[in-house]
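What you see is a predicted model; the values in this text were computed from it and never measured. The chains referred to below are lettered A, B, ... by the order of the sequence lines, with proteins before strands, and numbering in each begins at 1.
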Number of protein chains: 2
Amino acid sequence: MPSKLFVSAQEVAERAGVSRSAVSRTFTPGASVSADTRRRVLEAAEALGYHVNHLARGLMRNESGIVCLIVSDVATPYRSALLRELTIQLQNAGKVAMFVNTDRSDGSVDRALQQAIRYRADASIILSGLPDKSITQLCLRSGQRLVLINRDDDQPGTLKINLDDYESGGRIATAFVRAGCRTLAFANSEARTPSLMGRERGFIAAAETLGLEVVVERYGSTGYEAGRVLAQRMLTRAERPDGVFCATDLLACGFMDAARHQFGLSIPDQLCVAGFDDIEQASWSSFDLTTFAQPVTAIASQAVKWLAGGREDEPEEAHSITLKAELIWRGSIRKG
Amino acid sequence: MPSKLFVSAQEVAERAGVSRSAVSRTFTPGASVSADTRRRVLEAAEALGYHVNHLARGLMRNESGIVCLIVSDVATPYRSALLRELTIQLQNAGKVAMFVNTDRSDGSVDRALQQAIRYRADASIILSGLPDKSITQLCLRSGQRLVLINRDDDQPGTLKINLDDYESGGRIATAFVRAGCRTLAFANSEARTPSLMGRERGFIAAAETLGLEVVVERYGSTGYEAGRVLAQRMLTRAERPDGVFCATDLLACGFMDAARHQFGLSIPDQLCVAGFDDIEQASWSSFDLTTFAQPVTAIASQAVKWLAGGREDEPEEAHSITLKAELIWRGSIRKG
DNA sequence: GTTCGTTTTGCACGCGCTTGCAAATATGCC
DNA sequence: GGCATATTTGCAAGCGCGTGCAAAACGAAC
């Protein structure tokens, strides 16, 4: 076990010739310290390399400054982009991000939240999976703030941030029809999360209104490989679709690659494709994918505002925010 | 300010009808508690939703369990893959990852390390940038472990993990020559980090040995857009290169896209390309890129082993580990 | 039942910090 | 200078926990 090596406020106090309280107050904004002692304390602290122990401070203040991010598949483009935005904005708000990786196993998210409790995180942001009700209750009861992003669960006291998935599905259906597509299809993962299903339902509903039926295929995860498989399944059908909405950009990339390289199809002439997320690769000229942009900056700022912001406002009321996904028009759909 | 809401060991003790020490000991592996009291404590803890306060525990044990990850550009494929591996392995080792995002501004890494000190992190892993010597000194003096990944700095007491960049450059030069390439080029970022420069120097040296000269161009960051610009510069030269080693996969993707879609070149027939990192996109059929795989799993496990492992072994000795990047052969280079 | 050795248990202290309170010091005004 | 008021300062308590130490409980052997 490492011995006590970090320099403490005590040592700074001795060197500066003041009391330990004075040191503490110097590093507490708004506390009452004279300019002179403050200067002496700062000098001593600088010389000794003193930094306030946030563990101890958190103990006293009952506020650790830690925010726990709970995520799976962090290596995925959309996830890592959101994570980046979140950590940056948390830092700007004076918080620090703690990171817990989850997998698909049972109770993985619950264990992550327990970790958040152990470190007395001020808040947790859940990007993947859905925790058990009992444990979110415990979090809330413990005064922890909870943000659920793209999760659909009714937990009073939490902040839910969602997109207009259903409407987006509708908008892209219209775009396909305008481009002259006759046979629409929806390529989905079998994960059946609320956001994915929202896109699917919105797409189907709008297509029906426009007098078209939609072929739906669901397979695997939301990644590139699944997109390839979905293309193989869909493009070998008797009636080959000519307008495909993929539930995510990664699916779309896989789909396009298979369509072009295995089936020799030309996009957008013979096949129109759209995705969702606007990951960086969507803008690459190999894909040039029309897609919906996740408003990651807005998502992050809403989340951070809620959890860093006012303490007492409306603690009981279930907050829910719906943000708009912007349609980014590129070359994978013919101009109407 | 939130009031005290988290349940404490005291409350558990009262409910279980034992002393607070008994509670503490129940959650301390190897401590002396009878089976009976342990059971009663666990029951009470479960009922109350008690979780040990790691902030307070860290204070006592002088070991927070926190490991600080210092990264910039986390949304980048290679970075997020490494991050994923690190967080997973840290979790398995019973540590928790704290995340600090840096930018390119001066002192950004230093501020990140200060954050690590404030939270009394047991260790910090630096993936980007290079901290000031004075602050790494402070970290080490405070008993913090330091891991530098792909940074080249001589800091005694830290663990450095690097790749055989120079040798990789040599290996790929040989491959190009075997594929019949006559005009070699190296597409680099202007970041001039040790790893990037190592690849460049190794490539040039090997090419010279093989009797070929190398055109070097450096521009921008290590991303896709820079790759496009580099392609524009290189492919308009009087003597157009037919074998290009790009310092990263993202550069290679941009380079290939520009080569194909702007210059109408066919890969690998008219142009051979290689990259470095083996990001997921390298395996996509649009790129099918021959590249070197970063051994992210090995990097992470070495890092975690060092910082979680033995405390007293060789604290002074500067450790340095060089791992081998495996050449992943795909279709962007002709078979020799 | 007594003795001795072995757990088990509770007490009390301290980790590094914040903060209410009262004493000490500075400031303003006549 | 004298007084009232405002500011600064140190003391001490306490945040939730781990742990050394001695007392208590237990178990075995006679």
Between A/T28 and B/R38, name the one whose nearest nucleotide on DNA chain C is closer to the 5' end.
-> B/R38
Which part of the nucleic acid does A/F27 contact within heavy-atom distance under 4.0 Å: base, sugar-phosphate only, or nothing?
-> nothing
Output, in order, the C-alpha distance, side-chain angles, deciding distance and verdict of side-chain hydrogen bond (donor to acceptor under 3.5 Å, both in side chains) for B/R111 and B/Q114.
-> CA-CA 5 Å; B/R111 278 192 301 278; B/Q114 285 173 12; over 6 Å; no
Any side-chain donor paired with an acceptor under 3.5 Å for B/T87 and A/N101?
-> yes
Would you indicate, yes or no, if D/dT7 has its OP1 or OP2 atom less than 4.0 angstrom from a side-chain nitrogen or oxygen of A/S32?
-> no
Side-chain contact check for B/L59: nearest option of C/dC17, C/dG16, C/dG10 is C/dG16
From C/dT9, D/dC11, D/dA13, nucleotide with atom closest to B/T37 side chain | C/dT9
Respond yes when some side-chain nitrogen or oxygen of B/S19 is under 4.0 Å from OP1 or OP2 of C/dG10, and no when none is.
-> yes
Could you tell me the separation between the CZ atom of B/R40 and the P atom of C/dT8, rounded to a whole number of Å?
-> 14 Å
Rounded to whole angstrom units, what separation is found between the CD1 atom of A/I117 and the C1' atom of D/dG16?
-> 16 Å
Measure the distance from CG on B/N53 to C1' on C/dC15 and round it to the nearest whole Å.
-> 13 Å
Just to confirm, is there a sub-4.0 Å distance from OP1 or OP2 of D/dT9 to any side-chain nitrogen or oxygen of A/S34?
-> yes
Have a look at A/V23 and say if it touches a base, only the backbone sugar-phosphate, or nothing, with a 4.0 Å heavy-atom cut-off.
-> nothing
Which nucleotide in C/dG10, C/dT18, C/dT9 has an atom nearest any side-chain atom of B/V18 | C/dG10
Quick one: do A/E43 and A/R39 make a salt bridge, cutoff under 4.0 Å?
-> yes
Send over the distance from A/R118 CZ to D/dG16 C1', rounded to a whole Å.
-> 16 Å
Identify which nucleotide among D/dC17, D/dG18, C/dG16 has an atom closest to any side-chain atom of A/A56, counting heavy atoms from C-beta outward.
-> C/dG16
Rounded to whole Å, the CZ-P distance (B/R61 to C/dG16) equals 16 Å
Would one find a side-chain N or O of A/Y119 under 4.0 angstrom from OP1 or OP2 of D/dG16?
-> no
Which residue, B/R20 or B/R120, contacts DNA chain C at a nucleotide closer to its 5' end, judged by nearest heavy atom?
-> B/R20
Contact class for A/S24 vs. all strands (heavy atom < 4.0 Å): base, sugar-phosphate, or nothing?
-> base
Going by distance alone, is a donor N or O of one side chain under 3.5 Å from an acceptor N or O of the other, for A/D132 and A/S134?
-> yes
So do A/D73 and A/R104 actually touch side chain to side chain, heavy atoms under 4.5 Å?
-> yes
Phosphate-side-chain proximity, B/S21 and C/dT9, N/O vs OP1/OP2 below 4.0 Å | no
Candidates C/dC17, C/dT9, D/dC17 - which lies nearest the side chain of B/R25 | C/dT9
Please give, in whole Å, the distance from C/dC15 P to A/L5 CG?
-> 14 Å
Taking atom CG of B/D36 as the centre, report whether more than 12 heavy atoms of other residues, nucleotides or ligands fall under 6.0 Å from it.
-> yes
Just how far, in rounded Å, is C1' of D/dC17 from CD of B/E11?
-> 14 Å
Rounded off to whole Å, could you give me the CG-to-P distance for the A/L55 and C/dT18 pair?
-> 12 Å
OP1, OP2 of C/dT18 versus side-chain N and O of A/R57: anything below 4.0 Å?
-> yes
